[in-house]
Amino acid sequence: MINVDKKILFIEDDPDQLMIFQTKFDMERMFLITATESKRAMELAKREKPKLILLDLILRNENGFDILVELKKNEQTKDIPVIVFTNYVSKESRERANELGAIDYIVKTQVTPSEVVERVRKIIGE
Amino acid sequence: MLTTILNMDIRELVLIIVAFCNFILAIFVFLKNKKDRINIYYSFTALATGCWTFGLAAFSLSIDLDVATFWCKFYYVSAALIASSFLAFSFVFPFDKRKLPKIYSSLFYLFTIFIIGISVWPGAMIKEIVIRPWGKEAILSPFYFIYTTYFVMCVIGAFGNFLRKHKQSLQNEVYKMQIKYVFIGTSIAMAWGMMFNLFLPLIGNYKLIWLGPYLSLAMIGFIAYAIFKHHLMNIKIITTELFGVLIMIVVLLDALMARSRIEFFLKFGLFMVVAVFSILLIRSVLNEVRSTEKVVKLAHHLEKANIELKKLDKAKSEFISIASHQLRTPVSVIKGVSSMMKEGDMEHFSKEKRERFIDSLWQKSCKLERIIKDILSATEMTSIKYKAEKEKAEPIDLEELLKESINDFQPAAQEREIELSLTVFGRPIPKIYGEAMYLRDAVDNLIDNALKYTPSLKTSSEVRGKRKKKGIVSVSLTKKENNVIISVKDNGIGIPPKEKANLFDKFTRASNARDMYTDGSGLGLFIAKEIVEGHQGKIWLESEFNKGTTFYISLPI
């Protein structure tokens, strides 16, 4: 059974990556919800109260940091742990993510979907 | 001549030395740059000051009353010219900004001519010269009030100019410093000179007029220092020359005043030796200053080059971050899918899902190849200048090319609620010869940028702020003389004025675009420029910060 109490929100705009992770999380019986842009992401974060958010930085129309700021500003969402999950690597962006309150910074190419599932499991305490 | 010299008191001697120093400075500054108006007006001021000082000495020395009257007129005219040339100087120093309306300058010239007129006209301002126990004195008519007014007016006008320019200089520390020096030097000298030579005679005290010029050297010296302030080293030469010449004059005068022939020859010999050594000294200082200036210049160049390198380095690391993101994105999908294959996940998939996964592998491999090609072609364009090849050139229908490009961008534009359209003026647009694939690339880059930097209505972001107006990107095509002009206009974030110039450089992004984290390589405009120039065309932009940008491509028919 999929544990509906432990939702994970994945904010990502690349359909292929959405497909891969949706499939993998489904297989692992974890509840993954997805959003491709900030408005939908905020809506889901507030309504679904996910246990964890995986956030991409470079979205087609937007900057992931803006979403992170908004998440941390909002009373309802500020306590949800956020992992920056991106392929954008620079010292500055790592520092910025840390400053804005992200709990981790994962570079996509450095992990496999199984490893992501493992890390998420550890954080949400499964 | 000899009797005149022999009659000379220390007072006149000092006046003559001061006068000569003024002449030397006038000539020196003039020769330094004959075309610069700053130097010309300065030399005028110094020359007039020298004449005035010399006139005063000659007046004091002359025995004949007619001769005295001549010198008296001479120094009054000179003094008036000090004031007017100083005013003129204040208009061009340290920078030339305000042009006086013609009517004012004409009135000023008339006034100056009038002042010179009353100074030289027999009996007009200078009624007569009388001999008092302390020396000669000029009896002045009420015209002298007008003369004083003129002088004071010029000085106030000049100081007003300097004060205004000091305010306008804002960040320019060199200008501020220059104005400060002129201000200090002239206010001391003018106050002193006006006191003894303008106001005291006004109340009938003529005893101390010979004191006036003493501080004129301060004024002339300070101004010279200020002019050369931007390469401070030169002051060393000026000082050395000034002292060298001063010593030479003193020694020469001493020789001229010799009482016997032997003494004269001895002293004249000394003068020659002093002259030779002075010249040698000046030369060596000149050499030293020149080499120091060279070193300073080199250091300055090095500093500049260093700043440029740092900038390039920063841009490069930024480019690497973005390019590596572009490269990693397909790789992360390929790696993700293949890892799932390896772990046996695929075996549980339906046929459709399996196909979908394999297709993503294929798509991402193609994308990876395209990105690598882009980066390589940009790198190649840096090492070899791109040029459209004649054999590959074909007639291109630009309207068709633009239509295709706009069609391809339409989904992206719609997603961001941006209106993307094409307008063609003055059909038929003649075909141009070139490589369509490349030109399309250039146009795509411009449209892609316009869409990227025109924020969408539905998103509000920390960086971009909330959009109030609908995004519009309009592309136009028109023929102008022998060129075809393509413009891509957006109402996006615009480009900060300072950054327009090097926007076409490799890896460059405007600072306000940098914060947006859009996925560009920072190579788009560089590639576009190379392609357009490879077709003998031109590319440029007009932009208003926060209002929007228009890029233009002009291609010869």
Side-chain angles (χ1 to χ4, degrees), chain A residues 12-28 36-42 55-73 84-94 96-97 100 106-118, chain B residues 314 317-343 345-346 348-350 353-354 356-357 359-364 367 412 415-418 451-452 454-465 514-520:
Chain A
E12 167 66 64
D13 64 338
D14 178 19
D16 288 342
Q17 290 180 56
L18 285 172
M19 177 188 70
I20 295 170
F21 284 94
Q22 189 74 68
T23 308
K24 189 70 196 175
F25 276 80
D26 280 352
M27 287 174 74
E28 301 290 331
T36 55
E37 40 86 24
S38 65
K39 210 172 151 194
R40 176 88 181 135
M42 284 309 290
L55 172 66
D56 188 18
L57 283 186
I58 300 182
L59 300 161
R60 209 167 309 147
N61 289 341
E62 293 159 301
N63 172 356
F65 282 129
D66 287 337
I67 300 176
L68 184 51
V69 169
E70 219 170 308
L71 282 168
K72 291 295 164 194
K73 236 176 20 195
V84 169
F85 187 51
T86 184
N87 272 322
Y88 187 84
V89 192
S90 79
K91 208 176 134 229
E92 290 81 23
S93 68
R94 267 179 200 277
R96 190 151 176 225
L100 293 178
I106 301 179
V107 179
K108 286 173 183 168
T109 46
Q110 289 170 0
V111 288
T112 61
S114 308
E115 283 163 354
V116 176
V117 167
E118 272 319 297
Chain B
K314 200 172 165 241
S317 58
E318 211 176 272
F319 163 73
I320 288 168
S321 296
I322 292 171
S324 65
H325 169 267
Q326 296 294 80
L327 289 166
R328 274 196 190 105
T329 300
V331 171
S332 64
V333 170
I334 295 167
K335 190 175 172 186
V337 172
S338 52
S339 81
M340 284 170 85
M341 286 166 115
K342 207 175 151 199
E343 286 162 16
D345 290 349
M346 292 278 259
H348 311 290
F349 292 175
S350 63
K353 196 159 211 170
R354 211 175 299 145
R356 177 79 185 80
F357 265 71
D359 187 54
S360 75
L361 277 183
W362 170 250
Q363 294 294 344
K364 287 296 196 262
K367 191 173 179 192
E415 191 187 336
R416 308 189 57 168
E417 293 176 359
I418 291 171
L451 291 177
K452 235 189 280 177
T454 302
S456 128
L457 263 180
K458 52 183 177 184
T459 55
S460 77
S461 81
E462 188 194 8
V463 182
R464 286 173 253 189
R514 224 171 284 147
D515 292 336
M516 286 175 67
Y517 280 87
T518 56
D519 57 348

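Just so we're on the same page: letters track the sequence lines, and every chain starts at 1.
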How long is the straight-line distance from CE of A:Met27 back to CD of B:Glu343, given to the nearest 0.5 Å? 9.0 Å
Just so I understand: if I count every heavy-atom pair under 4.5 Å between each of A:Lys108, A:Met19, A:Gln17 and chain B, which residue has the most? A:Met19
Candidates A:Asp16, A:Asp56, A:Asn87 - the one meeting side-chain contact (heavy atoms from CB on, under 4.5 Å) with B:Thr329: A:Asn87
Heavy atoms only: give me the nearest A:Val111-B:Lys335 pair and the separation to one decimal. N-NZ, 4.3 Å
Flag the one option from B:Ile334, B:Val333, B:Asp359 with the top tally of heavy-atom pairs under 4.5 Å to chain A. B:Val333
Would you give the length of the straight line joining atom NZ of B:Lys364 to atom CG of A:Asp14, rounded to the nearest 0.5 angstrom? 3.5 Å
So for B:Phe357, is it side chain, backbone, both, or neither that comes closer than 4.5 Å to the heavy atoms of chain A? both
What part of B:Ser339 lies closer than 4.5 angstrom to a heavy atom of chain A: side chain, backbone, both or neither? side chain
Winner by heavy-atom pair count (cut-off under 4.5 Å) against chain A, out of B:Gly336, B:Ser332, B:Ser324, B:Ser338: B:Ser332
Restricting to side-chain contact (heavy atoms from CB on, under 4.5 Å), what partner residues turn up for A:Gln110, sequence neighbours left out? A:Val107
Just verifying a value: how many Å separate B:Met340 CE and A:Ile20 CD1, rounded to the nearest 0.5 Å? 7.0 Å
Kindly compute the distance separating CD (B:Gln326) from CD1 (A:Ile58), expressed to the nearest 0.5 Å. 7.0 Å
Out of curiosity, A:Ser114 OG to B:Lys342 NZ, how far, rounded to the nearest 0.5 Å? 10.5 Å
Excluding sequence neighbours, so at least two apart, what forms side-chain contact (heavy atoms from CB on, under 4.5 Å) with B:Met341? B:Val337, B:Met346, B:Leu361
